[in-house]
Protein chains: 2
Amino acid sequence: MTPTLTGFANSPDRGRGRGRDMRVRWALEEVGQPYDVRLLTFAEMKEPPHLALHPFGQIPTYEEPGLQLFESGAIILHIAETHKGLFPAEPGARMRAINWMFAALNTVEPPILERETAMLLERDESWTVKRQPGLDARICKRLDALVAYLGDREWLEGMFTAGDLMMASVLFRLGSSSLLQRYPSLSAYVARAEARPAYRRAFAAQLAVFEAGNRA
Amino acid sequence: MTPTLTGFANSPDRGRGRGRDMRVRWALEEVGQPYDVRLLTFAEMKEPPHLALHPFGQIPTYEEPGLQLFESGAIILHIAETHKGLFPAEPGARMRAINWMFAALNTVEPPILERETAMLLERDESWTVKRQPGLDARICKRLDALVAYLGDREWLEGMFTAGDLMMASVLFRLGSSSLLQRYPSLSAYVARAEARPAYRRAFAAQLAVFEAGNRA
């Protein structure tokens, strides 16, 4: 059974891998599960066939016989539960990995998303420059805490888990900012994640989609 | 085995139940699991003993023998997995419930949180009034989609699940705004959630903490 994802036919980040399909591709590569991708234009994402899969009209979605999911967090949890490689076997350690998935999405990502939204939707507003220090401070408060926890750990809980996959994916969004550079240990953590062969295969796959779309 | 949560010794919302401990209390009441609560001042939340449990220095945390968690999403998932009442038995339906938990926390809550942050941290800034329509529009985009999905469903996926518990908890944050009132079907959904006996017991318990703190 090969699952099917949806992704951007023409990625708005020009193949830099910031779309949430990248997180799911990476998880599937980590566990060695082949997958198909159905590409969608922005218009198609807002039409009834896709809205039946994803009420919020976004990507990615995940389809396998008998199951349709539309949140990358849930998709990755499902992949981790049904394959070896992303969750520790011991139940308590597995729950700690899930805990870090939620921490990435609900504690670390919101201020990063808020800053991105300001850059994207309020770029030309008079207040955007003035708000920047506050936005950065809210992110740094989270990064300070994460660095203090991480210490000299290689991964958040011993082995690489779905929690690291999600945390690194959230931190990737800071890519072009200088915020991450203020934190050498976090930069090194992100670099370790990016160096994983599964990450590189997933990145290459989404980049190939963007490049093919541009040639067309 | 009685688990222990942490909560605010003096809730900043004055007992209105907007703290994330409320979500966990509600989940425990739904499944009939008694629990203990350890109350913390804001100062104690930033001190080493609590930071060892919660790297980001917040509440709630969850402790049982052999397991410590600090994200309300993960805590509720754990409660739902280890008790009857919050997840359907069929694996696909269980994954759909988990999907809605992530949708609540990572798709619906971020714009609500952004609006709350603006009211809390940027209340007196010159731009805050001007930003309001944009902040509201970002929330309404999500609520429009949720209403379209909900239709005349009682709950998101047939029976009440941890997905509804989380979605309703996120929507409660809109409480004092007029945004929710624009959506009669969502207001009714929230009212159905608040009418649940388990919700009422949890709400009363957190209110009693606030009132006791005020008498002290």
Side-chain angles (χ1 to χ4, degrees), chain A residues 20 51-52 54-58 62 64 66-78 81-82 90-93 95-111 113-114 117-118 121-122 125-128 130-131 134 137-138 141-142 144-146 148-150 163, chain B residues 20 51-52 54-58 62 64 66-78 81-82 90-93 95-111 113-114 117-118 121-122 125-128 130-131 134 137-138 141-142 144-146 148-150 163:
Chain A
R20 290 186 187 215
L51 289 174
H54 196 317
F56 300 96
Q58 299 177 310
Y62 176 97
E64 63 175 46
L67 184 63
Q68 300 178 344
L69 300 172
F70 65 82
E71 282 281 331
S72 51
I75 297 168
I76 290 169
L77 193 143
H78 174 66
E81 280 190 340
T82 52
E90 193 271 310
M95 270 314 305
R96 290 287 298 178
I98 294 174
N99 191 86
W100 283 110
M101 292 179 68
F102 280 102
L105 294 177
N106 205 228
T107 295
V108 179
E109 193 167 46
L113 194 61
E114 192 181 351
T117 303
L121 300 181
E122 302 180 12
E125 301 291 357
S126 57
W127 56 75
T128 297
K130 288 179 221 157
R131 288 187 72 231
R138 257 118 73 186
K141 196 173 152 189
R142 299 304 192 212
D144 288 342
L146 191 56
Y149 172 83
L150 197 59
Chain B
R20 290 185 188 217
L51 289 174
H54 196 317
F56 300 96
Q58 300 177 313
Y62 176 97
E64 62 176 46
L67 183 63
Q68 299 179 344
L69 300 172
F70 65 82
E71 281 281 331
S72 51
I75 296 168
I76 291 169
L77 193 144
H78 174 67
E81 279 189 339
T82 51
E90 193 271 311
M95 270 315 304
R96 292 286 298 177
I98 293 174
N99 190 87
W100 283 110
M101 291 178 69
F102 279 102
L105 294 177
N106 206 229
T107 295
V108 178
E109 192 167 46
L113 195 60
E114 193 183 349
T117 304
L121 301 181
E122 302 180 12
E125 301 290 356
S126 58
W127 55 75
T128 296
K130 289 179 221 157
R131 287 187 72 233
R138 256 117 75 185
K141 198 173 150 187
R142 298 306 190 211
D144 288 341
L146 191 57
Y149 172 83
L150 197 60

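First the proteins, then the strands, lettered A, B, ... as listed; each starts at 1. Everything numeric in this text was worked out from a predicted model, so none of it was measured.
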Inset, instruction - Could you please spell out the steps behind the side chain to side chain donor-acceptor pair (under 3.5 Å) verdict for E109(B) and N106(A)? - result: CA-CA 9 Å; E109(B) 192 167 46; N106(A) 205 228; 3.2 Å; yes
Legend entry - Which atom of P55(A) lies closest to which atom of A145(B), heavy atoms considered: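 Scanning both residues, the minimum pair turns out to be O-CB, 3.4 Å.
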Inset, instruction - Write down the atom of N99(B), the atom of A74(A), and the distance for their closest heavy-atom approach. - result: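 Taking N99(B) first and A74(A) second, the nearest heavy atoms are CA-CB, 3.5 Å.
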Inset, instruction - Check side-chain contact (heavy atoms from CB on, under 4.5 Å) between P110(A) and all other residues, then give those that pass, not counting sequence neighbours. - result: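 side-chain contact (heavy atoms from CB on, under 4.5 Å) check on P110(A) returns L113(B).
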Legend entry - With F70(B), the ring pair (Phe, Tyr, Trp, His ring centres under 6.0 Å) member among F102(A), W100(A), Y149(A):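 By the ring pair (Phe, Tyr, Trp, His ring centres under 6.0 Å) criterion, F70(B) pairs with just one of F102(A), W100(A), Y149(A): W100(A).
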With a 4.5 angstrom heavy-atom cut-off, which part of [X] approaches chain A: side chain, backbone, both or neither?
| X | result |
| --- | --- |
| R138(B) | side chain |
| Q68(B) | both |
| L69(B) | both |
| A148(B) | neither |
| K130(B) | both |
| S72(B) | neither |
| L121(B) | side chain |

Legend entry - Leading residue by heavy atom contact count with chain B [cutoff under 4.5 Å; candidates E64(A), R131(A), Q58(A), E122(A)]: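 Maximum pair count with chain B is reached by R131(A).
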Legend entry - Among L51(A), L67(A), T107(A), residue most engaged with chain B (heavy-atom pairs, under 4.5 Å):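 Highest number of pairs under 4.5 Å: T107(A).
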Legend entry - Residue among E114(B), M95(B), E125(B) with most heavy-atom pairs under 4.5 Å to chain A: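 When all of E114(B), M95(B), E125(B) are compared, M95(B) has the most.
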Legend entry - Selection from D144(B), I75(B), L77(B) maximising heavy-atom pairs under 4.5 Å formed with chain A: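 Winner by heavy-atom pair count: L77(B).
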Inset, instruction - Can you tell which part of I98(A) gets under 4.5 Å to a heavy atom of chain B, answering side chain, backbone, both or neither? - result: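 Contact with chain B involves both backbone and side-chain atoms of I98(A).
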Legend entry - Inter-residue atom distance E71(B).CD - R96(A).CZ, 0.5 Å rounding: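 With rounding to 0.5 Å, CD (E71(B)) is 10.5 Å from CZ (R96(A)).
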